[in-house]
Amino acid sequence: MLDYFVAQGAPVDLRDTGGTGATKLRRTIGAALALAVGGKRDDRAYLSVPGQRGVWLFVLLTLILRLRGIEHWIHHHSFRPINLGPSRAMQALVAAGGRRQHHILLSNDMRRRFAGLYLDDETDDRATSLSNAYLFGPRIEDDHPRARPERPVTLGHMSVLTREKGVPYLLDLFAGLAARGHDWRLVIAGPCADPALSAALAAATVAGVDGRPPRVEYRGSVQGAEKERFFSDIDLFVLPTTLIDEAEPLVMLEAFARGVDVVASDTGCIRDRIRTPGHLLTLDRERDFALIEDRVADLAGDWIATRQACTAHARGINAGAEVEAARFFPRLLAPFGGVASSGSPVT
């Protein structure tokens with residue numbers, strides 16, 4: 001967002017409220033004082049709301065913005081206030097901001113549910129949707145994918161590896177698929193700070209007693225060319241997340257853009273971004289066995305058509321995000337004539 005504001009020529013007064021503990025408290029109080037002393041009615045404020053208890057710190061900020069008559073937009077990147085809603089902290093934040101407060105959600109369903117919980121009703125125009133695909137739209141590969149490489153069927157997962165992201169369930173699910181007679185592989189990538197989970201990954205990657213290479217490969221954290229190799233090496237991306245904050249995983253958008261199909265659990269904005277309801281994991285082993293087998297069968301039936309459908313899906317998500325952006329940014333940048341050039345700062 002900062003890069004976008006700068007590119008549009010908006011004069012930006014950046015106030016960093018990040019950090020942990022005392023640092024976050026000190027920075028938030030500093031931002032509040034700056035607004036109280038220097039804020040002007042024709043300013044516009046953009047805030048990325050923190051998760052969990054950090055929301056309480058922003059109540060002070062939004063109250064000052066309201067008292068100064070400053071319109072402000074709060075960008076929500078977590079589904080926690082909806083999953084656990086109504087949250088007292090979010091209710092306080094909305095009450096403090098009044099009618100000059102607006103909310104940016106990551107999908108239309110997220111917008112509708114947030115407005116139903118915290119605003120007047122689901123149609124309240126203080127809530128708008130803007131997909132991550134607008135600001136983080138990944139490169140979309142050519143519509144003419146190459147033939148499938150000669151390799152075993154390969155499932156893949158990439159994230160900051162935690163229990164909440166579903167890694168233990170994924171390992172168990174893959175072991176069950178192997179027991180059903182599937183000679184498939186699983187490639188996992190991403191950093192892991194959980195010692196027990198690291199041990200489980202290490203155990204899963206041990207070669208079999210018959211001397212065959214391990215069916216599970218853990219590549220650690222990947223970036224750049226190694227990240228591209230991860231996507232080129234897999235057939236189906238599997239995301240069985242139960243993370244309470246999960247909203248619109250960027251990795252789904254990245255996979256689709258590279259022609260890789262996705263199956264994922266029904267949480268956050270995932271239902272809005274998945275290709276079909278038949279790609280939603282249930283987190284019931286037997287049902288998910290059948291679902292993954294069906295999706296692999298789709299690939300076996302027509303590899304190229306499925307990959308083309310994925311890239312077309314990514315283009316559709318990006319096109320929808322462009323429409324959302326065309327509705328949203330002129331409102332935020334209204335003091336600058338829609339496209340900022342001079343005037344009051346976005347804080």
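All residue numbers refer to positions in the sequence shown, counting from 1. Just so it is clear, the model here is predicted, and its values are computed rather than measured.
- The two residues H157 and V238 have their closest heavy-atom pair at ND1-O, 2.8 Å.
- Heavy atoms from other residues, nucleotides or ligands lying under 6.0 Å from CZ of R151 number more than 12.
- Follow the hydrophobic side-chain contacts under 4.5 Å out from I317 and you reach L135 in the same cluster.
- Residues A264 and I274 come closest through the heavy atom pair N-CD1, 4.1 Å.
- Taken from OG1 in T17 to CG in L61, the straight-line distance is 7.0 Å, to the nearest 0.5 Å.
- Every residue meeting the side-chain contact (heavy atoms from CB on, under 4.5 Å) condition with R112, not counting sequence neighbours, appears here in chain and number order: D109, E122.
- Side-chain contact check for L236 versus I292: some heavy-atom pair is nearer than 4.5 Å.
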*asked:* Using side chain to side chain contact (heavy atoms under 4.5 Å, CB included), reason through R185 and I234 one step at a time and then give a plain yes or no.
replied: CA-CA 9 Å; R185 296 182 67 248; I234 68 172; over 6 Å; no
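- A donor-acceptor pair under 3.5 Å links the side-chain atoms of R100 to the main chain of G69, judged by distance alone.
- Counting heavy atoms from C-beta outward, L93 and I74 have side chains that approach closer than 4.5 Å.
- Residues F328 and V6 share a hydrophobic cluster, clusters being chains of Ile/Leu/Val/Met/Phe/Trp/Tyr side chains in contact below 4.5 Å.
- In this structure, L57 is a member of the same hydrophobic cluster as L33, with clusters built from ILVMFWY side-chain heavy atoms closer than 4.5 Å.
- Note on D261 versus R307: no salt bridge recorded, every NZ/NE/NH1/NH2 to OD/OE distance being 4.0 Å or above.
- In the hydrophobic clustering of ILVMFWY residues, with side-chain heavy atoms under 4.5 Å counting as a link, L106 and V323 come out apart.
- When side chains are defined from C-beta on, N83 does not count as touching R80, because their heavy atoms never get closer than 4.5 Å.
- In terms of modelled atom types and a separation under 3.5 Å, the side chain of T62 and the main chain of L60 share no donor-acceptor contact.
- Between D124 and R126 there is a salt bridge, since a side-chain N of the basic residue sits under 4.0 Å from a carboxylate O of the acidic one.
- When hydrophobic clusters are built by joining Ile, Leu, Val, Met, Phe, Trp and Tyr residues whose side-chain heavy atoms come closer than 4.5 Å, directly or via intermediates, V263 is grouped together with V216.
- Contact record, D183 with P152: O-CB, 3.6 Å, taken as the closest heavy-atom pair.
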*Audit row: M158, F237, side chain to side chain contact (heavy atoms under 4.5 Å, CB included) steps and yes/no*: CA-CA 8 Å; M158 178 169 58; F237 190 92; 4.0 Å; yes
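- The distance from atom OG of S131 to atom CE of M110, rounded to the nearest 0.5 Å, is 11.0 Å.
- The pair R295-D298 meets the salt-bridge criterion, since a charged nitrogen lies less than 4.0 angstrom from a carboxylate oxygen.
- Inter-residue side-chain proximity for Y218 and C192 is flagged as met; some heavy-atom pair is nearer than 4.5 Å.
- Listed by first then second residue, pairs satisfying salt bridge (Lys or Arg N to Asp or Glu O under 4.0 Å) with a partner in residues 63-74 read R44-E71, not counting sequence neighbours.
- For R180, the CZ atom sits in a packed shell: over 12 heavy atoms of surrounding residues, nucleotides or ligands are nearer than 6.0 Å.
- Annotation: side chain of M252 is in contact with side chain of I270 (closest heavy-atom distance under 4.5 Å).
- Between the side chains of T241 and E246, at least one donor-acceptor pair of N or O atoms lies under 3.5 Å.
- With ring centers used as reference points, F5 lies under 6.0 Å from Y46.
- Interatomic distance, I244 CD1 to E164 CD, rounded to the nearest 0.5 Å: 10.0 Å.
- Going from atom CG of D235 over to atom CG of L299 covers 6.0 Å, rounded to the nearest 0.5 Å.
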*E254 and V260: side chain to side chain contact (heavy atoms under 4.5 Å, CB included), yes or no, with the steps?*
CA-CA 9 Å; E254 293 178 309; V260 178; over 6 Å; no
*Could you walk me through whether R26 and T23 pass the side chain to side chain contact (heavy atoms under 4.5 Å, CB included) check?*
CA-CA 5 Å; R26 184 175 67 253; T23 300; 3.9 Å; yes
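- One finds a salt bridge joining R15 and D13 here, because a Lys/Arg side-chain nitrogen approaches an Asp/Glu carboxylate oxygen to under 4.0 Å.
- With a 4.5 Å cut-off on side-chain heavy atoms, W303 and P149 count as touching.
- Side-chain atoms of N108 and R111 form a donor-acceptor pair, as typed in the model, at a separation below 3.5 Å.
- Ion pairing of D233 with R219 is present here, as a side-chain N (NZ or NE/NH1/NH2) and a carboxylate O approach within less than 4.0 Å.
- In terms of heavy-atom proximity, A89 sits nearest to V59 at O-CG2, 4.3 Å.
- Closest approach of A45 and L65 over heavy atoms only: CB-CD2, 3.8 Å.
- The shortest distance between side-chain heavy atoms of H72 and L47 falls below 4.5 Å.
- Between F114 and Y118, the two ring planes are tilted [angle within 30° to 60°].
- The two residues D272 and S107 make their nearest non-hydrogen contact at OD2-OG, 2.6 Å.
- Using a 4.5 Å cut-off on side-chain heavy atoms (C-beta onward), Y4 and Y134 make contact.
- Among L280, L281, D284, the single residue meeting the side-chain contact (heavy atoms from CB on, under 4.5 Å) criterion with L291 is L281.
- For E248 and R273, the salt-bridge test passes: some basic side-chain N is under 4.0 Å from an acidic carboxylate O.
- In this structure, the separation between OG1 on T128 and NE2 on H103 is 12.0 Å, given to the nearest 0.5 Å.
- A distance of 5.5 Å separates NZ of K165 from OG of S159, quoted to the nearest 0.5 Å.
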Side-chain donor-acceptor distances from residues 167-176 under 3.5 Å, at least two apart:
residue: Y169; atom: OH; partner: D288; partner atom: OD2; Å: 2.6
residue: D172; atom: OD2; partner: R285; partner atom: NE; Å: 2.6

